[in-house]
There are 2 protein chains.
Amino acid sequence: MTATEGPSAGEGAAVTRGDSRTDTEGRGTAVRAEPARRRGDTVAEVVRQWRAVHPDLDTGPMEVIGRINRCSALLQQAEDAPLRRAGLTRPEFDLLGALRRTGRELTPSELARETFSSGAAVTKRLKQLTERGLVERRGDTRDRRVAHVRLTDAGRDLVDGVLPAQLAYETAVLSGLQGPERGELAALLGELLGQLEGRPGTLRA
Amino acid sequence: MTATEGPSAGEGAAVTRGDSRTDTEGRGTAVRAEPARRRGDTVAEVVRQWRAVHPDLDTGPMEVIGRINRCSALLQQAEDAPLRRAGLTRPEFDLLGALRRTGRELTPSELARETFSSGAAVTKRLKQLTERGLVERRGDTRDRRVAHVRLTDAGRDLVDGVLPAQLAYETAVLSGLQGPERGELAALLGELLGQLEGRPGTLRA
DNA sequence: AGAAAATCCTTTACTAGTAAAACACCTGTT
DNA sequence: AACAGGTGTTTTACTAGTAAAGGATTTTCT
């Protein structure tokens, strides 16, 4: 995805913050000064633009990949809100959530794998979360290279307190998908994700 | 996005074997002890773990949102490869792509809107892309606050050279979805995205 | 045993992003 | 005409991530 699908169009790039934009429109530049359109999404517009410039290329994949990225960007921004109220960033919550979900101690390596982050990033997050009293560490008795991390009571309570708000919010966000649509979408995404995860080599090329 | 590799996908650990992500939402969860499973995706496992711990919560939304986030992370990481060969990061390519797509000059503000980035980020990227000779700027004759950015010939050639490889790669990545599935997925994502974009307020809550 | 290689985690140096302030300029009101 | 306020872009100070190197320990090989 990349820009191809782009952020611009839709890729998923960061979703902006409150930039003041307000295009006066009067200046000839307004790219599309249209207000958010009620129907249609921004990716469709980007795809249309690309097709106009390169009619020979198959832009089909953009409609899937661009939308996934754009949805992800919007959803993550949206979901940051409940977390921020709890004083957590998403990567921090992911780390705490991994501990809560698995219900046991995890080593930093395991946490890196679970949260799909680098080991260095986990080290940094653990430092902060430890200082805030949300997790505790202990050394392994046999292998002194290894550490074991567990949630403190405060950490567990924080996760358990945030999770329902998070899920409620997600439910609201998806409320536009009616009837069987949500399930269909989940199934199709599961299929795609299974493919992506099942064939790592494919992604490398 | 973000990041050289992508925001979330970090790490070189890329797809090793049991990698998985998805955390709550898609961030990471690799449930590690199990060998790579041929069937099923990691989000399903994470959801299962959460349900075991909190049987009372409705984890339905996770199956959609978690998968979107996880797919996005994997896809972005994967798609960085063709771009990196061209010496571009994704945000850089997104910026160039916006100029190519629209076929005209854009101001920094417009580029920020098109690429969903902050103005400051656009300023930084423009600086680098200008130094590399991929874009040019000129001041507005009437309003001297405004700049206009356009692709150089080299910039346009670079975009046009990279785009086909990008699309070909995306097609390969999605090849697991057979028949009408890709179109169905695109349609459902479009519907969701239309909802998300059409009601910004919803996301803010 | 002892050296070499592997493993776990952290540290270092650096990058790219953000938020907020700063600048420069324009516009509308009086 | 002049000033108050708005807009377009850049700058500043800072954050969190990465890659690669480092330190410590364990495992493997001979």
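Order of the sequence lines sets the chain letters (A, B, ...), proteins ahead of strands, with each chain counted from 1.
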**Message:** By nearest heavy atom, map B:Thr141 and A:Asp143 onto DNA chain C; which one lands nearer the 5' end?
**Reply:** A:Asp143
**Message:** How many whole angstroms separate atom CZ of B:Arg142 from atom C1' of C:dC26?
**Reply:** 14 Å
**Asked** Below 4.5 Å, heavy atoms only, C-beta onward: do A:Asp94 and A:Phe116 meet side chain to side chain?
**Response** no
**Request:** Decide, yes or no, whether a salt bridge links B:Asp140 with B:Arg142 under the criterion of side-chain N to carboxylate O below 4.0 Å.
**Result:** no
**Request:** Rounded off to whole Å, could you give me the CG-to-P distance for the A:Asp94 and D:dA16 pair?
**Result:** 15 Å
**Asked** Base, sugar-phosphate alone, or nothing: which one does A:Thr89 contact when heavy atoms must sit under 4.0 Å apart?
**Response** nothing
**Asked** Given C:dC25, D:dT9, C:dT10, which nucleotide is nearest the side-chain atoms of A:Arg137?
**Response** C:dT10
**Prompt:** Expressed in angstrom and rounded to an integer, what is the separation of B:Asp140 atom CG from C:dT27 atom C1'?
**Reply:** 15 Å
**Prompt:** With a 4.5 Å limit on heavy-atom distance, are the side chains of A:Ile68 and A:Leu192 in contact?
**Reply:** yes
**Request:** Identify whether the distance between the nearest side-chain nitrogen and carboxylate oxygen of B:Arg70 and A:Glu197 falls below 4.0 Å.
**Result:** yes
**Donor on one side chain, acceptor on other, A:Thr59 and A:Glu63, under 3.5 Å** = no
**Asked** With a 4.5 Å heavy-atom cut-off, do A:Asp41 and B:Glu191 have their side chains touching?
**Response** no
**Request:** Whole angstrom is fine here: how far is it from CG in B:Leu95 over to C1' in D:dT9?
**Result:** 14 Å
**Request:** Determine: side-chain N/O of B:Ser117 to OP1/OP2 of C:dG17, distance under 4.0 Å, yes or no.
**Result:** no
**Request:** Say whether, by atom type as modelled, one donor and one acceptor occur between the side chain of B:Thr107 and the main chain of B:Ala147 under 3.5 angstrom.
**Result:** no
**Request:** Evaluate the side-chain proximity of A:Arg101 to B:Val53: yes if any heavy-atom separation is below 4.5 Å, no if none is.
**Result:** no
Under-3.5 Å N/O pairs linking protein and nucleotides 4-7 of chain C:
from: C:dT7; atom 1: O2; to: A:Arg145; atom 2: NH1; distance (Å): 2.5

**Item:** Atom-pair distance (CD on A:Gln76; P on D:dA16), nearest Å
**Value:** 17 Å
**Message:** For B:Asn69, is there any backbone N or O sitting under 3.5 Å from a side-chain donor or acceptor partner on B:Ser72?
**Reply:** no
**Item:** Bend angle of the helix from C:dA1-D:dT30 to C:dT30-D:dA1, end axes from five pairs each (to 10°)
**Value:** 10°
**Message:** Does anything in residues 121-129 of chain B come within less than 4.0 Å of DNA chain D? Heavy atoms only, and list the residues if so.
**Reply:** B:Thr123
**Prompt:** Given side chains that start at C-beta, do those of A:Leu57 and A:Trp50 come closer than 4.5 Å, heavy atoms only?
**Reply:** no
**Message:** Output the rounded distance in Å from CZ (A:Arg144) to P (D:dT26).
**Reply:** 5 Å
**Asked** Do A:Glu92 and A:Arg125 meet the salt-bridge criterion of a basic N to acidic O distance under 4.0 Å?
**Response** no
**Request:** Answer whether the closest heavy-atom distance between the side chains of A:Arg138 and A:Glu105 falls below 4.5 Å.
**Result:** yes
**Separation of C:dA19 C1' from A:Arg84 CZ (nearest whole Å)** = 12 Å
**Message:** Could you tell me how far apart A:Gln77 (CD) and C:dT18 (P) are, to the nearest whole angstrom?
**Reply:** 11 Å
